Each structure stands twice: as structure tokens, then as C-alpha cells.
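Step one of this worksheet: look at the structure below.
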Amino acid sequence: MRSVFGVVGWAVGVLAIGVGACDDHEHEHEGEATGALCPSENTLSYANFGQTFMADYCVDCHSSTATGSARRDAPVGIDFDTIAGIRLHATHIDEHAAAGPNATNDEMPEDDPKPTLEERTKLGQWLACGAP
Ligand code: HEC
């Protein structure tokens, strides 16, 4: 009996460490996946939504043409001035700036101008469609 409890105690300990590590990971990424779905009759596209959204709110810092202090500390290589860059980082964009049934993420942008909730919701849907 004693050894069985020993094993259970060990398993609980390992589980606690696992959960702790997971919390740290979440914190690094800040927001959560929004769980946004692509609307069945999606009309959002790069041309009529994504490009303007990124230009208005993100590309000031996250641009492949911005270097040094112009990036205002935005990580090098996290750039949204092309559709390829957006698609590459779609999951992270969702977790930082989009809204959906499971989360409203407003870590980005850090300063004004900021998108409205409606715009964040559209961003989540557009990304869920694969950023067409
Ligand atoms: C004023 C400059 C600025 C603007 C505008 C801005 N960001 Fe950022 N972004 C940063 C900085 C600085 C960081 C790094 C610090 C951090 O992660 O909080 C960052 C980090 C990120 C990351 C995390 C990258 C990684 O390594 O995981 C994502 C994703 C992101 N931004 C998306 C966006 C989106 C989407 C927008 C527009 C809605 C946006 N940002 C607007 C400055 C900016």
C-alpha cells in the first residue's frame, strides 16, 4: 500500500511541475487562441480587410522595411507588411490582437491607434479562413 501512495505522490508532483511550466508558457505568449471560426459566407480578404487592418494598426512597427529603432522593439522577423508574413504568424496574431468566442486579445498594439472590438472580431475570422 505504502508504495502505491508513493507512486501517486510522485505522479501528482510531476503533474504540478507540468502545469507550472505550462503557465509560464502561456504568460510568454500573453493572450489565448480566440477560437474564431471562418464564416460560411466569408467576404473578408487581404484586399478588402487584412491589408488595411495591418497598415492601420501593426505595420508601423512590424514591417520588413523598418529597421533599428523604427521597429520600436518589435521582434525582428515578425513582419506583417506582406500576406506571407501574416500567414506565417497567423496563430500569434490571433493570440495577440484578435477577438472570438474564447478570448478577446488586446496586447497588440500597445498604444493608440487601437482596433475596435468589431475589427478584432473580423481579424479572428479572417485568420480562421486562412487569411485569403
Ligand atoms: C508601437 C509598435 C507596435 C505596434 C503598432 C504593434 N506591435 Fe506587436 N510588438 C511590438 C513589440 C515591442 C513586441 C515585443 C514585445 C511583446 O511581445 O509584447 C511585439 C510583439 C508582437 C507579437 C509577438 C511576437 C512573438 O515573438 O511572439 C505579435 C504576434 C505582435 N506583436 C502582433 C502585432 C499585431 C497583430 C499588431 C497590430 C494589431 C501589432 N503587433 C502592433 C510592437 C508593436
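Note that these values count all heavy atoms, side chains included, but never hydrogens, waters or copies made by symmetry. Atoms within a ligand are numbered from 1 in the order they appear, just like the ligands themselves. These numbers come from a predicted model, not from an experiment.
Residue contact annotation: Asp60 has no non-hydrogen atom under 4.0 Å from ligand 1. Assignment of His96 to the shell around ligand 1 is supported, since a heavy atom sits closer than 4.0 Å.
Across the listed options Met54, His92, Lys114, Met108, Met108 owns the non-hydrogen atom lying nearest to atom 17 (O) of ligand 1. If you check each of Cys61, Ala97, Gly31 against atom 2 (C) of ligand 1, the one with the closest non-hydrogen atom is Cys61. The closest non-hydrogen atom to atom 36 (C) of ligand 1, taken over Cys58, Ala55, Ala74, comes from Cys58. Selection from Asp112, Ile78, Leu127 by nearest heavy atom to atom 26 (O) of ligand 1 gives Ile78.
Heavy-atom proximity to Phe53, at under 4.0 Å, picks out these atoms of ligand 1: 38 (C). For ligand 1, the atoms closer than 4.0 angstrom to any heavy atom of Pro75 are 13 (C), 14 (C), 19 (C), 20 (C).
The atom name of the N/O/S atom in His62 closest to atom 8 (Fe) of ligand 1 is NE2.
If you look at Glu95 next to ligand 1, there are no close heavy atoms at all, none under 4.0 Å. At a heavy-atom distance under 4.0 Å, only side-chain atoms of Glu110, from C-beta outward, approach ligand 1.
Note: the hydrophobic cluster containing Leu127 does not contain Met108 (ILVMFWY, side chain heavy atoms under 4.5 Å, direct or indirect links).
Between the side chains of Thr121 and Glu118, not a single donor N or O lies within less than 3.5 Å of an accepting N or O.
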